[in-house]
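This structure is a prediction, so every number in the text was calculated from the model and none was measured. Values below: every heavy atom of this structure, side chains too, minus hydrogens, waters and symmetry copies.
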Amino acid sequence: MKVNLKPPKRHAWMDGLQQGASQVGAVFKGRVTELGGMVLLAFQVLWCSIRPPFRLRNFLTQCEFIGVGSAFLVCLTGAFSGMVFAHQSARAFQIFNATSLVGPTVALTITRELAPVFSALMVTMRAGSAMCTELGTMRVTEQVDALETMAINPIQYLLVPRVLAGLCVLPLLVALFDFAGMAGAYLVAVGFQGISAGTFWLRTQRWLEWPDVAEGLMKGAVFGVVVTMVSCYKGFHASGGAKGVGKATTEAMVACALSIFILDYLLGVLLH
């Protein structure tokens with residue numbers, strides 16, 4: 001009896017499927033590892049933030065960089081967002097002869113959703129990218145190692161002021177967005193759409209309540225921590241020279257934007 005000792009023939013599609021599964025597994029493993037690293041770094045930042053020395057000057061510098069530097073961009077974005085939303089809302093409500101609802105509709109949408117999300121995105125594009133690039137450059141040029149050589153904790157010196165500044169400044173930028181958005185909506189609704197100013201403000205005061213504003217401020221605080229933590233983590237662990245810094249910055253911006261949208265939904269569900 002003749003026995004066939006040849007191994008079974010493998011098909012090309014099986015090799016492709018195995019290779020694809022390996023790549024997906026590697027990507028998933030990398031993302032889980034990064035998430036764990038961010039959580040660990042967050043605990044280290046929290047621990048260092050309650051231990052002396054407290055670097056007030058670094059904190060105020062970061063507040064000025066994140067808050068004052070982003071104020072004009074947030075105001076401009078808020079004003080045009082309110083104008084666009086008021087224009088589209090007025091056109092829609094004219095069909096049902098309910099233009100008096102433009103004010104409260106714009107107010108609720110801006111305070112709950114648009115202000116925290118757009119403010120966080122503006123800070124991500126301006127301050128988050130700068131943080132990641134700066135920390136990444138310090139890492140690849142061994143400036144972080146130099147701080148450790150001088151017995152200075154780089155997490156306490158570099159990361160804690162940035163994260164605390166994001167926590168404190170983002171709610172203020174959200175409030176600024178609220179003001180600019182309502183001003184832009186008032187200009188379009190009253191100045192161009194012919195809605196009564198008294199009706200606009202009375203309906204807004206009737207339907208807009210403090211919990212709506214507080215929801216946006218809470219989201220802003222959470223987004224501020226997330227944006228600064230992700231940007232600092234990517235920059236702090238950058239490697240590979242200038243190319244690695246650019247790659248880390250790109251990954252940080254994508255991760256921040258996705259985190260903002262995902263957390264916006266989750267927080268909206270939890271708060272309601």
Side-chain angles (χ1 to χ4, degrees), residues 24 27-43 45-46 66 70 73-74 77-78 80-86 88-89 92 101-102 104-129 131-132 163 165-182 184-185 204 207-234 249-272:
V24 172
V27 171
F28 180 76
K29 180 181 178 181
R31 296 297 177 265
V32 172
T33 302
E34 285 188 349
L35 181 59
M38 289 182 190
V39 172
L40 179 60
L41 185 62
F43 279 109
V45 169
L46 178 61
I66 298 174
S70 304
L73 184 61
V74 169
T77 305
F80 280 97
S81 298
M83 293 169 68
V84 170
F85 199 74
Q88 298 296 337
S89 298
L101 298 178
V102 171
T105 301
V106 174
L108 290 173
T109 305
I110 287 179
T111 55
R112 288 182 179 179
E113 300 296 336
L114 294 185
V117 171
F118 281 11
S119 298
L121 289 176
M122 294 302 105
V123 170
T124 297
M125 291 186 293
R126 182 192 169 275
S129 59
M131 287 182 192
C132 186
V163 175
L167 173 64
C168 298
V169 169
L170 250 296
L172 299 179
L173 292 177
V174 170
L176 189 62
F177 191 105
D178 292 338
F179 177 80
M182 289 306 300
T204 300
W207 293 102
L208 182 64
E209 298 178 349
W210 167 246
D212 301 316
V213 179
E215 178 181 345
L217 298 179
M218 291 175 60
K219 287 183 178 180
V222 174
F223 294 161
V225 174
V226 170
V227 167
T228 51
M229 276 300 309
V230 173
S231 301
C232 289
Y233 175 83
K234 289 291 187 178
T249 304
T250 302
E251 292 178 352
M253 297 304 97
V254 174
C256 286
L258 291 177
S259 300
I260 289 169
F261 289 117
I262 294 173
L263 288 174
D264 180 55
Y265 171 75
L266 295 177
L267 291 174
V269 172
L270 292 175
L271 295 175
H272 290 284

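- One distance of note links CD1 of Ile66 with OG1 of Thr228; it measures 6.5 Å at 0.5 Å rounding.
- When all heavy atoms of Ala252 and Ser231 are compared, the closest pair comes out as CB-CA, 4.3 Å.
- For the pair Ala86 and Val102, the tightest heavy-atom approach, listed with the atom from each and the gap, is O-CG1, 4.1 Å.
- Here the CG-CD distance, from Leu108 to Glu209, works out to 9.0 Å after rounding to the nearest 0.5 Å.
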Exercise for review: Could you walk me through whether Asp264 and Phe223 pass side-chain contact (heavy atoms from CB on, under 4.5 Å), step by step?
Suggested key: CA-CA 9 Å; Asp264 180 55; Phe223 294 161; 3.9 Å; yes
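- Between the CD atom in Glu113 and the CZ atom in Phe85 there is a gap of 10.5 Å [rounded to 0.5 Å].
- The structure places OG of Ser129 at 5.0 Å from CE of Met253, a figure rounded to the nearest 0.5 Å.
- Side-chain contact between Met218 and Leu267 is absent, with no heavy-atom pair separated by less than 4.5 Å.
- For the pair Phe177 and Leu173, the minimum side-chain heavy-atom distance is 4.5 Å or more.
- For the pair Thr204/Met182, a side-chain contact is recorded, criterion being any heavy-atom separation below 4.5 Å from C-beta on.
- For the atom pair Lys219 NZ and Ser119 OG, the distance stands at 12.0 Å (nearest 0.5 Å).
- Taking every heavy atom of both residues into account, Ala107 and Leu208 meet most closely at CB-CD2, 4.0 Å.
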>> Test side-chain contact (heavy atoms from CB on, under 4.5 Å) on Cys232 and Cys132; report intermediate values, then the result.
In response: CA-CA 6 Å; Cys232 289; Cys132 186; over 6 Å; no
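- What you find for Gly216 and Pro116 is that their closest heavy atoms are O-CB, 3.6 Å.
- The shortest non-hydrogen separation linking Val106 to Ala185 is CG1-CB, 3.6 Å.
- Using a 4.5 Å cut-off on side-chain heavy atoms (C-beta onward), Leu176 and Leu172 make no contact.
- A distance of 10.5 Å separates CG of Asp212 from CG of Asp178, quoted to the nearest 0.5 Å.
- Residues Val227 and Ala120 share a closest heavy-atom pair of CG2-O, 4.3 Å.
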